[in-house]
Amino acid sequence: MERIIYCDHSATTPVKREVLNAMLPYFCDNFGNASATYSIGRKSRIAIEKSRENVAKAIKSEVNEIYFTSSGSEADNMILLGIARANRKKGKHIITSKIEHLAVLNTCKELEKEGFEVTYLDVDSNGVVDITKLKSAIRIDTILISIMFANNELGTIQQIDEIGKIARENNILFHTDAVQAIGNVDINVKELNIDALAMSAHKFYGPKGIGAAYIRSGIIFDPVIIGGHQEHCKRAGTENVAGIVGLGKAIEIATSNINMHNKKVSMLRDTLLNKLENSIDNIIVNANIPNKLPSNINISFPRNRCKKFTTYA
Ligand SMILES: *Cc1c(COP(=O)(O)O)cnc(C)c1O
């Protein structure tokens, strides 16, 4: 068999065998609709609520603050559109950064069409949001700050604790796209003053097509997917039970030993970086800062120095 060395875990990860095994019973055997009151329906309900507990435990939220979605993108949409629309009487200004995932950037563009005003903050050459610039972007009508926890291209981890404090002090809601951070960084939404957070199972060895949003209780938001009473009437649609079970299992594994995982991945990263630096002249390591995901390497190959690759010249 062809041996593949897969180096794009920021794009997606394989499903862990343990995760798949946890999901399998929920396709053909325990297939009940979780809204049904008979026993196979209740089995699905119990499985969903167990996963919800796992997610809450992983980010130190309350269980009723977790909503399952079809993806990380949908979680970002649900949070941004939902919170902005429900709070528009309080103000129409939103602050985000220029390096957000498109699930945030394009949703902000959509909100601009609805009359919201969005400030897109610049970042420095390491991809870090400048706290002073953030502070000076705050207006009297700012209702929401959305800054990603960790960047998918550079691996840069933002100063989430600082941003959370500033948001709370100014009575502004704070959303963070934590899709890249789950399983790599210990997250405590209460300590970090995070009001809303998005995650996606396929970035931490769970299945594709399932995500979750955390939205702090007491925050009002309009549903985006409208229909039945699922997810506390905030996200309609018959639950993806197997997917939810997969997310619940994957997050349990991913957050059970973050330190050991990071130690191992950092070692692999350093080995790869050393070999690259030894075999290619003058490579540039981007965002070479301590506060970044150990799983990320971002390098540039300067054109005129890269003699070995003639096609580049
Ligand atoms: C992958 C990713 C998303 C989107 O998640 P999907 O489940 O693929 O929709 C959002 N934000 C970041 C930072 C991501 O890396």
Side-chain angles (χ1 to χ4, degrees), residues 52 55-56 58-97 99-114 116-121 129 142-152 158 160 163-164 166-168 171-182 187-190 192-201 203 209-226 230-237 244 247 251:
R52 207 186 303 279
V55 174
I59 61 168
K60 315 285 186 297
S61 75
E62 301 300 323
V63 174
N64 64 357
E65 295 173 321
I66 304 300
Y67 304 86
F68 291 110
T69 63
S70 68
S71 59
S73 298
E74 192 198 318
D76 279 324
N77 272 254
M78 176 179 179
I79 290 165
L80 291 167
L81 297 176
I83 290 178
R85 287 170 180 166
N87 289 279
R88 73 182 312 147
K89 282 202 191 103
K90 288 189 194 145
K92 58 175 197 301
H93 183 234
I94 296 165
I95 300 172
T96 188
S97 82
I99 60 160
E100 299 297 309
H101 189 274
L102 289 178
V104 169
L105 286 178
N106 283 338
T107 305
C108 285
K109 293 261 149 63
E110 199 58 35
L111 285 168
E112 285 179 304
K113 287 188 211 158
E114 296 181 15
F116 289 92
E117 287 169 23
V118 183
T119 300
Y120 300 89
L121 294 173
V129 170
T142 307
I143 52 169
L144 184 62
I145 295 173
S146 179
I147 303 288
M148 71 201 316
F149 209 113
N151 182 263
N152 41 310
Q158 302 297 339
I160 295 298
I163 300 171
I166 293 164
R168 197 55 63 89
N171 202 19
I172 299 166
L173 297 175
F174 173 39
H175 164 52
T176 187
D177 174 337
V179 173
Q180 293 289 335
I182 300 281
I187 299 177
N188 183 324
V189 290
K190 287 193 181 132
L192 293 170
N193 293 310
I194 296 168
D195 296 304
L197 172 152
M199 67 174 75
S200 176
K203 302 289 173 75
I210 185 76
Y214 148 79
I215 301 175
R216 187 165 59 78
S217 67
I219 293 174
I220 53 162
F221 66 100
D222 293 345
V224 172
I225 310 284
I226 295 165
Q230 293 90 355
E231 299 300 287
H232 331 296
C233 298
K234 289 300 191 184
R235 198 278 183 181
I244 291 170
L247 188 151
I251 202 165

| request: Any chance you could measure Asn106, atom CG, to Asn77, atom CG, to the nearest 0.5 Å? | output: 9.5 Å
| said: Please find the pair of heavy atoms, one from Gln180 and one from Lys203, that lie closest to each other, and give the distance. | reply: NE2-NZ, 3.7 Å
| Taking the side chain as C-beta and beyond, is there a heavy-atom pair between Asp76 and Thr107 under 4.5 Å? | no
| task | Calculate, to the nearest 0.5 Å, the distance between atoms CD1 and CG belonging to Ile187 and Leu192 respectively. | result | 7.5 Å
| Strictly by modelled atom types, are Glu100 and Ser97 linked by a side-chain donor-acceptor pair under 3.5 Å? | yes
| request: Please identify each residue that fulfils side-chain contact (heavy atoms from CB on, under 4.5 Å) with Asn87, with sequence neighbours left out. | output: Ile83, Lys90, Ile143, Leu173, Ile220
| field | Minimum heavy-atom distance between Ala198 and Ile79, given as atom pair plus value | value | N-CD1, 4.1 Å
| task | In sequence, state the C-alpha distance, the side-chain angles, and the governing distance for Ile59 and Ile66, and then conclude on side-chain contact (heavy atoms from CB on, under 4.5 Å). | result | CA-CA 10 Å; Ile59 61 168; Ile66 304 300; 4.0 Å; yes
| field | Heavy-atom side-chain contact between Ile225 and Met78 under 4.5 Å | value | no
| task | Working to the nearest 0.5 Å, report the span between CD1 of Ile194 and CG of Asn188. | result | 8.5 Å
| request: Give, for atom CD of Gln230 and atom OH of Tyr67, the distance between the pair rounded to the nearest 0.5 Å. | output: 14.0 Å
| query | So do Arg216 and Val189 actually touch side chain to side chain, heavy atoms under 4.5 Å? | reply | no
| Under the 3.5 angstrom rule, does the side chain of Ser73 hit a backbone N or O of Ala103 as a donor-acceptor pair? | no
| query | Once you round to the nearest 0.5 Å, how far does CG of Asn64 lie from CZ of Arg52? | reply | 9.0 Å
| task | Check the pair Ser200 / Glu74 against side-chain contact (heavy atoms from CB on, under 4.5 Å), numbers first and verdict last. | result | CA-CA 9 Å; Ser200 176; Glu74 192 198 318; over 6 Å; no
| query | Given Ile160 and Phe174, is the side-chain contact (heavy atoms from CB on, under 4.5 Å) satisfied, shown in steps? | reply | CA-CA 10 Å; Ile160 295 298; Phe174 173 39; 3.9 Å; yes
| Within 45° of the six-membered ring axis of Tyr214 and under 6.0 Å from that ring's centre, is NZ or CZ of Lys60 located there? | no
| Please walk me through it: do Lys190 and Glu62 pass side-chain contact (heavy atoms from CB on, under 4.5 Å)? | CA-CA 10 Å; Lys190 287 193 181 132; Glu62 301 300 323; 2.5 Å; yes
| Closest contact, heavy atoms only, Ala212 versus Phe68 | CB-CD2, 4.1 Å
| request: Keeping the roles fixed (side chain from Asp177, backbone from Val104), state whether a donor-acceptor pair exists under 3.5 Å. | output: no
| said: Any side-chain to backbone donor/acceptor pair from Lys234 onto Phe221? Under 3.5 Å, distance only. | reply: yes
| Can you tell me if Thr176 uses its side chain to pair, donor with acceptor, with the backbone of Ile147 under 3.5 Å? | yes
| request: Measure the CG-CE distance between Leu197 and Met148 for me, rounded to the nearest 0.5 Å. | output: 12.0 Å
| Any residue meeting side-chain hydrogen bond (donor to acceptor under 3.5 Å, both in side chains) with His93, in chain and number order, not counting sequence neighbours | Thr119, Thr142
| With sequence neighbours left out, what residues match Lys89 under side-chain hydrogen bond (donor to acceptor under 3.5 Å, both in side chains)? | none
| request: Write down the atom of Arg88, the atom of Glu114, and the distance for their closest heavy-atom approach. | output: NH2-O, 2.6 Å
| task | Determine, step by step, whether Lys109 and Glu112 satisfy the salt bridge (charged side-chain N to carboxylate O under 4.0 Å, His left out) criterion, reporting the C-alpha distance in whole Å, the side-chain angles of both residues, the deciding distance to 0.1 Å, and the verdict. | result | CA-CA 5 Å; Lys109 293 261 149 63; Glu112 285 179 304; 5.2 Å; no
| said: On a heavy-atom basis, which atom in Asp222 and which in Ala86 lie closest, and how many Å separate them? | reply: OD1-CB, 3.5 Å
| query | Shortest non-hydrogen contact from Gln158 to Val129? | reply | OE1-N, 2.8 Å
| field | Side-chain touch Asn152/His101, heavy atoms, less than 4.5 angstrom | value | yes
